[in-house]
**Student:** 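Before I ask anything, here is the structure I am working with.
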2 protein chains.
Amino acid sequence: MAYSNAFAALADPTRREVFERLAQGPRSVGDLAEGLPVSRPAVSQHLKVLKEAGLVTDHPEGARRVYQIDPQGLGQMRAWLDRFWDAALAAFQAEVERDDDKEDEA
Amino acid sequence: MAYSNAFAALADPTRREVFERLAQGPRSVGDLAEGLPVSRPAVSQHLKVLKEAGLVTDHPEGARRVYQIDPQGLGQMRAWLDRFWDAALAAFQAEVERDDDKEDEA
DNA sequence: GCTTACGGTAAGTCATGGCTTACTCAAACG
DNA sequence: CGTTTGAGTAAGCCATGACTTACCGTAAGC
C-alpha cells in the first residue's frame, strides 16, 4: 500500500537527488535547495511528497525546518522488493537451464 | 544509473500489477492483458518499459512472446536502497536519543 | 497460399505532475 | 515593533506519459 507512494516519490530524479543529500545528514530546506538546479519552492514540494511517502521526517528548529531520512518508507520498499527476489532468481535459474538444454541439442 | 529507470517503471500501478503477475511465473502478453483493466497494446507498452528497466526479459515462443522477471533490475534497486539503509537507521537512532534528552529536560 | 491468432508500432487525446513567480505566514534580530 | 530570513501555499504553464483505436508484420493451421 504505502510503498506505492515511495516508488513514485523516488521515480523523480530531483527527488532522488534531495534524498541522497539527506542521506549525508539532516538539512534545512534552503540548505538543500542551495546546490540544486530548481527553486526553493520546488524543493519544498518535493519534500512534501517524500514525507507523505514515509521517506523523510521533519521537525522545526527555530525559524528553520530540518528534514532527515525516515527508515520506515525505505523498509517498506525493501520488504516489497524482497518478496520478488527469490522468485526472480528461481525464474532466472530455470531460464539458464533451459538455454543449456538448447545448446545440448545443437 | 540504470536503477533510475527501474524506479520510474515500478512507479506506475498498472506496471506493478503486470510485474506482480509475472512473479507468479512466465506469461504471454495476451495472457497478462486478460485480467487487466487496460487494452493489450497498453500492456505491450508497459512491458517495453519494464524490459528497458532490466526488470523483465522476453523470448519468442512460437507465435507468442513470453515474458518473465529479470533479477538484474531488481538487484540494482536493492543495492541502491541498501546504500541508504544503514545511514537511515543511524539517523533515526540519533533522533530518538535527541527526543529522550528533551524528555529528560522536561 | 489464405486466413487467423499474437503482438508490436503509430497517432492522437487527456490527465498528471514538476516547475515557475507571487504571495502569505511565522520566527528571530535590531 | 519593523525588518529580515526561512519556508509552505496558490495559480498557472508546459512536458511527459498512460491510454485508446487503427494498422502492420509474422508465425501457425487448414
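Protein chains get the first letters and strands the later ones, always in sequence-line order, with residue 1 at the start of each.
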**Student:** Could you pull out every donor-acceptor pair under 3.5 Å between side chains of residues 21-39 of chain A and any protein atom, sequence neighbours left out?
**Tutor:**
unit_1	atom_1	unit_2	atom_2	d
A:Arg21	NE	A:Glu17	OE2	3.3
A:Ser28	OG	A:Asp31	N	3.3
A:Ser39	OG	A:Ala42	N	3.4

**Student:** Can you give the first and last nucleotides of DNA chain D, 5' to 3', that have an atom under 4.0 Å from a heavy atom of chain B?
**Tutor:** D:dA18 to D:dA28
**Student:** Assign a letter to each nucleotide of nucleotides 9-20 of chain C from its 5' end: B, base within under 4.0 Å of a protein heavy atom; S, sugar-phosphate only; -, no contact.
**Tutor:** BB-------SBB
**Student:** What I'd like to find out is whether the side chain of A:Lys48 reaches to under 4.5 Å of the side chain of A:Glu52, using heavy atoms alone.
**Tutor:** yes
**Student:** Rounded to whole Å, how long is the line connecting atom CG of B:Leu47 with atom C1' of C:dG7?
**Tutor:** 10 Å
**Student:** Identify, residue by residue, the members of residues 16-30 of chain B with a heavy atom below 4.0 Å from DNA chain D, and return them in order of residue number, or none.
**Tutor:**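 Of all residues in residues 16-30 of chain B, none places a heavy atom under 4.0 Å from DNA chain D.
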**Student:** Which atom pairs, donor and acceptor, lie under 3.5 Å between side-chain atoms of residues 72-87 of chain B and protein residues at least two apart or in another chain?
**Tutor:**
unit_1	atom_1	unit_2	atom_2	d
B:Arg78	NH1	A:Asp82	OD1	2.0
B:Trp80	NE1	B:Tyr3	OH	3.1
B:Asp82	OD1	A:Arg78	NH1	2.0
B:Arg83	NH2	A:Glu20	OE1	3.3

**Student:** Whole angstroms only, please: what is the CG-P distance between B:Asp31 and C:dA5?
**Tutor:**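 Spelled out: CG on B:Asp31 to P on C:dA5 is 16 Å.
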**Student:** Looking at A:Arg15 and A:Val49, would you say the former's side chain and the latter's main chain have a donor-acceptor pair under 3.5 Å?
**Tutor:** no
**Student:** Does the side chain of B:Tyr67 come within less than 4.5 Å of B:His59's, by heavy atoms?
**Tutor:** no
**Student:** From OH of B:Tyr67 over to P of C:dG7, roughly how many Å is that when rounded to an integer?
**Tutor:**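 Whole-Å distance recorded here is 9 Å.
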**Student:** Less than 4.5 Å apart, side chain to side chain, heavy atoms only: is that true for B:Ile69 and B:Leu55?
**Tutor:**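 SC-SC contact between B:Ile69 and B:Leu55 ruled out.
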**Student:** Nearest 0.5 Å, what's the CZ-NE2 distance between B:Arg16 and B:His46?
**Tutor:** 11.5 Å
**Student:** With sequence neighbours left out, what residues match B:Lys51 under salt bridge (Lys or Arg N to Asp or Glu O under 4.0 Å)?
**Tutor:** B:Asp58
**Student:** Heavy-atom count check: over 12 atoms from other residues, nucleotides or ligands less than 6.0 Å from A:Arg64 CZ?
**Tutor:** no
**Student:** Can you tell if the side chain of B:Thr57 reaches within under 4.5 Å of the side chain of B:Gln68, non-hydrogen atoms only?
**Tutor:** yes
